[in-house]
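In what follows, every chain begins at residue 1, and chains take the letters A, B, ... in the order their sequences are listed.
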Number of protein chains: 2
Amino acid sequence: MPYSREHKQNSREKILQSAYRLFSTKGFDNVTVDRVMQDCSLTRGAFYGHFRSKSELYKEALKFAASNSKLADIKPEGLSSREWLSVLLDGYLSLEHVYGERPCPLAFLATDIVSRDKETHKTYAQVYTRMNQLILDYAGRDTVKNSQDVFSLTSMIIGAVAVSRTLEDQQQVQQILSSCRQQARLMLGGI
Amino acid sequence: MPYSREHKQNSREKILQSAYRLFSTKGFDNVTVDRVMQDCSLTRGAFYGHFRSKSELYKEALKFAASNSKLADIKPEGLSSREWLSVLLDGYLSLEHVYGERPCPLAFLATDIVSRDKETHKTYAQVYTRMNQLILDYAGRDTVKNSQDVFSLTSMIIGAVAVSRTLEDQQQVQQILSSCRQQARLMLGGI
DNA sequence: ATCTAAATATGATCTTTATCATATATAGAT
DNA sequence: ATCTATATATGATAAAGATCATATTTAGAT
């Protein structure tokens with residue numbers, strides 16, 4: 001047996017991490033396999049030992065990002081679900097998220113996904129459903145009049161960060177995020 | 001003088017129309033110059049008589065889309081500004097818009113823009129500002145507590161249609177759009 | 001009818017990049 | 001030490017597509 005048992009698994013995770021960071025900031029076509037591998041200090045050739053194709057990498061990176069996203073973090077002890085949800089939303093609607101290393105795939109891949117294959121669409125849809133579900137759960141289902149109300153909340157926060165990343169004017173971005181944080185609190189009262 | 005005086009202008013508009021339709025559904029890299037020209041029954045060569053490069057085409061198509069978008073339509077006689085705004089928002093949050101021929105560039109190019117050049121970013125930002133302004137104007141500025149409140153509304157509707165286009169489940173899309181239409185009405189009360 | 005400038009079409013070039021074929025390096029087992 | 005399966009690296013191939021150089025078509029003016 002060559003290398004240690006975990007070596008390949010480690011490499012795979014490094015590739016996924018680099019891939020997602022690059023894909024989410026540049027989109028599928030503006031990222032080359034070479035660039036991803038350079039980013040994690042490996043080379044082209046090694047790539048095909050881990051993934052069948054660039055498309056497969058994209059899909060796996062999407063799954064990887066979903067399970068490692070801020071929104072998947074575990075609620076700390078001593079906070080109510082509602083309080084934790086509030087923390088999560090503020091984190092989501094923050095500059096750190098907009099420009100950070102673990103951006104939400106729902107926002108940052110939104111229009112990029114359209115040209116990908118059916119499987120990838122399905123994965124995206126699953127991530128989307130999970131996000132809505134998670135917010136519903138934290139908000140407390142018993143207080144929900146209509147579970148569909150959550151869609152307007154997620155639309156808003158996804159739209160906000162997606163647009164924010166394209167804007168140069170930092171002050172305007174701050175205003176957008178702030179406006180949405182405030183609105184989110186109002187909506188959660190309603191939900 | 002060859003051709004009629006308006007011929008070239010007509011060609012230019014046809015190119016822009018095809019270009020925007022394709023760019024907004026597939027993104028910059030998944031559209032070739034060839035494909036655009038085929039779409040409007042011209043050929044590659046003619047292209048460079050109209051635009052310096054594919055990048056320039058993209059930028060011009062973005063401007064073109066902005067000035068021809070649903071939201072730029074003129075208010076018909078006999079409707080109050082608020083009523084007209086309501087019509088516009090329902091149109092924006094409709095299946096026809098999500099899958100139609102005149103989609104909103106703010107939503108459908110959102111993440112695609114990130115990899116484009118500075119000029120294009122600037123154009124996008126202008127379109128974004130115009131959209132917010134337009135909604136503020138129709139909503140009636142005197143009734144606005146805080147003009148920044150409009151950002152959460154535009155984030156929501158942009159996010160809603162951007163995400164909707166990636167989802168396969170038509171029923172879910174309907175629910176998202178419906179949820180946002182309802183929420184928009186609530187928010188306009190507040191604005 | 002013919003001439004001409006503008007618009008459009010066609011063929012060629014050159015770069016980029018995904019993927020493959022092949023070679024080398026690694027580290028556990030003998 | 002050496003052997004071997006696996007991980008990684010390097011060089012080659014081939015296709016796609018943006019752009020350019022050149023040819024052809026168009027329709028108004030003479």
| request: Scan residues 21-35 of chain B against DNA chain C and write down, sorted by residue number, each residue with any heavy atom closer than 4.0 Å; if none is found, say none. | output: none
Over how many whole Å does the gap from [X] atom [atom1] to [N] atom [atom2] extend?
X	N	atom1	atom2	result
A:Glu56	C:dT19	CD	P	10 Å
A:Lys54	D:dA15	NZ	P	18 Å
A:Gln9	D:dT6	CD	P	16 Å
B:Gln38	D:dA18	CD	P	12 Å
B:Met37	D:dA18	CE	C1'	13 Å
A:Lys14	D:dA7	NZ	P	14 Å

| remark: Exactly one candidate in B:Arg21, B:Lys14, B:Lys26 meets salt bridge (Lys or Arg N to Asp or Glu O under 4.0 Å) with B:Asp39; the answer is B:Arg21
| field | Phosphate-side-chain proximity, B:Ser11 and C:dT8, N/O vs OP1/OP2 below 4.0 Å | value | yes
| note | The side chain to side chain contact (heavy atoms under 4.5 Å, CB included) partners of B:Ala66 (sequence neighbours excluded) come to B:Val127, B:Arg130
| B:Asp112 versus B:Tyr58, side-chain donor and acceptor atoms under 3.5 Å | yes
| said: Taking B:Ser179's backbone N and O only, do any of them form a donor-acceptor pair with B:Gln182's side chain (distance below 3.5 Å, no angle check)? | reply: no
Taking only Lys NZ, Arg NE, NH1 and NH2, and the carboxylate oxygens of Asp or Glu, determine whether [X] and [Y] approach each other closer than 4.0 Å.
X	Y	result
A:Lys59	A:Asp117	yes
A:Arg185	A:Asp90	yes
A:Lys54	A:Asp29	no

| query | Among residues 40-52 of chain A, which residues get a heavy atom nearer than 4.0 Å to DNA chain D? | reply | A:Leu42, A:Thr43, A:Arg44, A:Gly45, A:Ala46, A:His50
| query | Cation-pi between A:Lys75 and A:Tyr138: NZ/CZ under 6.0 Å from ring centre and within 45° of the ring axis? | reply | no
